[in-house]
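As the structure lists them, so they are numbered: ligands from 1, and atoms in each ligand from 1. Note that the numbering runs from 1 along the sequence shown for the chain. Quick caveat: nothing in here was measured; it's all calculated off a predicted structure.
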Amino acid sequence: MQDQLPSAARQRLAHDPHRPQYHFLPPANWMNDPNGLIHWQGEYHLFYQHNPERATWGPMHWGHAVSRDLVHWEDLPIALAPTPGGADADGCWSGCAVDHDGVPTLVYTGVHEGRQRPCLAVSDDGLRTWRKYPGNPVIAEPPAGLEVLGFRDHCVWREGANWYQVIGSGVRGMGGMILLYRSPDLVHWEYLGPACVGSEDEMGEMWECPDLFPLGDRHVLLISPIPLGKTLYCIGVYANHRFTPHMRGDLDPGGHLYAPQTMRDAQGRRLLWGWLWEGRTREAQLAAGWAGVMSLPRVLTPRADGRLGMAPAPELRALRESHRRWEDIVLTPSTANPLRAVDGDALEIEVEFEPGDAAQFGLQVRCAPEGQEETRIFYDVATHFLGVDRTRSSLDDAATRDLRGGVLALDPAAPLVLDVFLDHSVIEVYANGCFCLSSRIYPTRSDSRGVALFARGGRVAARRVDVWQMGAIW
Ligand code: DQQ
C-alpha cells in the first residue's frame with residue numbers, strides 16, 4: 001500500500017532489523033535500477049525504478065531523491081508514472097537524464113503492449129516535476145531488419161552539435177548489442193548501427209542498462225546481460241561509432257548488484273550506483289513491505305594495470321561515528337578474537353592484512369555469540385578467491401545461503417586492504433581499490449552483531465583494523 005507521506009512510510013518501516021540505515025532505498029515498496037543520475041546546480045539527483053504500490057516489481061514509475069552531499073537524501077515526488085493510453089502506459093522503464101541546453105531532460109523507455117520505445121520528459125522547475133513530450137515515443141520502432149529481443153534503456157551523451165545514444169538490445173543467435181543513434185535535438189534520431197555486439201555464449205543474448213563513458217584515455221561499457229544476472233564491464237576504445245573492448249570483468253561478483261548507472265559530477269568524478277536486489281523470497285519481501293537497496297556511490301577511476309578502479313565515495317566518511325583502532329595483530333587459527341568488543345549491524349570495518357602462511361584469512365560479521373549465525377568475508381591464498389560465505393548467515397530457510405566471490409590476484413608480498421560496509425542486510429566489500437563484492441544477509445537473532453578476525457592453516461598479520469559505528473542518513 002502507498003503511504004501518503006514518504007516520511008510516514010519511512011517511520012513505519014524504521015524498526016525493521018533488515019532495513020539499511022545508511023544505504024538509499026525508497027520510503028516503502030519496490031525499487032530496482034538507478035535511473036537519470038545527474039548533478040544539477042549543486043544537487044545530486046537519483047531517480048530509480050519504483051513500484052509505489054507493492055514490494056514486488058510492477059508498473060514502473062520513476063522514484064526520485066536529491067542530495068547535496070552524496071550521503072543524505074531527501075525524497076521528492078514520483079517523477080514519472082505511466083500515462084493511460086500513452087506510449088508508457090505499461091511502464092516507465094530505465095533511462096538517463098541530460099542537460100539539453102539548460103533544460104533537464106529524461107530519456108526513458110516507454111512500454112506499451114509489449115513495445116519498448118524511447119520517450120522524453122522535461123522539467124522547468126528545477127527537476128521537481130516533469131512534463132512528458134507530447135510526441136512520445138521519439139523512435140517509433142527498433143531498426144528494420146533486426147529481430148530484437150529488447151529495445152530499452154538509454155545512455156545519452158553530447159558530441160559537438162549532436163546527441164548520441166546507445167540503446168540496450170540483442171538478437172537471438174547473434175548476441176547482446178548496443179544500438180547507436182544520433183540526433184540534433186533529442187527528438188529526431190538517425191540509426192547508425194550497432195556500436196558493439198557480444199558473443200552470445202559469453203556475454204548473453206540481450207544487454208540491459210548499457211552505460212558507455214570515457215574514463216582516462218579509454219572508454220568503459222557497462223552492460224547487464226540476460227540471462228547472466230550480473231553486470232560486466234568492458235574497457236576499450238570508442239572510435240568511428242564503434243566500441244572495441246580490450247578487456248572485461250565482472251563489475252561485482254557478489255551476486256547482488258545489477259543494472260548500475262554512472263554519472264559525471266561537477267568535480268569531474270565518474271560515480272556509480274547499482275541496484276542491490278534482495279536475497280529472500282517474494283513472500284518475505286511482500287511481508288517486509290520493501291525490497292531493493294541502492295549501493296553506496298562508488299568512484300570509478302582508470303588504473304595503470306588496466307583494471308577498473310572502484311572506491312567508496314569519500315563523502316561517506318561523514319557517516320563515521322565512534323571509532324576504534326587495533327594495530328599489528330598476528331592471527332593464527334588459535335588466536336582469541338581481538339575484535340570481541342565490537343558489536344554492531346551498521347559498521348564500517350577497514351582491515352589491512354599482510355598475508356603470511358595462512359591458507360585463508362578474513363573477517364566474520366553478524367556473528368551470534370555461539371556461532372549460530374555468521375557471515376565470512378574471506379581470502380583464499382592458493383586460489384586468490386575473495387568471497388562472501390553466507391552459508392551460515394541466517395537460520396531462516398527463506399534467506400539465500402551460498403558462497404559468492406571472484407578472483408583478486410595479489411602480488412606475493414602485497415597487502416590486502418578490505419573496506420567493509422555493513423548495513424543491516426547489506427554488505428559491500430571494497431578490496432585494494434579495484435574489486436567490489438555486494439551481498440545481502442538476513443540474520444534472525446537479535447544478538448548476531450559480533451565481528452571477528454580469523455586465520456586458517458597458518459598466520460596472517462592485521463597491520464591495522466579500524467572500526468566505525470555508522471550513522472543513519474535519515
Ligand atoms: N529494469 C527495467 C528495464 C531494465 C531492467 C525495468 C533491468 O528498463 O532493462 O524495470 O533491471
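- Checked by distance only, ligand 1 and Arg152 come closer than 3.5 Å through their nitrogen or oxygen atoms.
- Residues satisfying the side chain to side chain donor-acceptor pair (under 3.5 Å) test with His112, not counting sequence neighbours, are none.
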Please test His241 against Tyr164 for ring pair (Phe, Tyr, Trp, His ring centres under 6.0 Å), starting from the C-alpha separation and ending with a verdict. CA-CA 10 Å; His241 302 155; Tyr164 287 81; 5.7 Å; yes
Check the pair Arg366, Ser448 against side chain to side chain donor-acceptor pair (under 3.5 Å), reporting the backbone distance first and the verdict last. CA-CA 5 Å; Arg366 302 298 310 263; Ser448 291; 5.9 Å; no
Working note: Arg182 + Tyr191, criterion side chain to side chain donor-acceptor pair (under 3.5 Å); need CA distance, chi angles, decisive distance, verdict. CA-CA 7 Å; Arg182 177 169 58 198; Tyr191 177 54; over 6 Å; no
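- Checked against side chain to side chain contact (heavy atoms under 4.5 Å, CB included), Pro314 has the following partners two or more places apart in sequence or in another chain: Arg269, Val299, Arg317.
- Contact atoms of ligand 1 toward Ser94: 2 (C), 8 (O) (distance under 4.0 Å to a heavy atom of the residue).
- Under a 4.0 Å heavy-atom criterion, Asn32 is in contact with ligand 1.
- Close approach of ligand 1 to Trp57 (heavy-atom distance below 4.0 Å) involves ligand atoms 6 (C), 10 (O).
- Taking a cut-off of under 4.0 Å to the non-hydrogen atoms of Tyr258, the atoms of ligand 1 that pass are 7 (C), 11 (O).
- Near Glu208, the atoms of ligand 1 lying under 4.0 angstrom from a non-hydrogen atom of the residue are 4 (C), 5 (C), 7 (C), 9 (O).
- Atoms of ligand 1 lying under 4.0 Å from any heavy atom of Gln49, numbered from 1 in the order shown and given with element: 2 (C), 6 (C), 10 (O).
- Side-chain polar atoms of Trp163 and Gln165 form no donor-acceptor pair below 3.5 angstrom.
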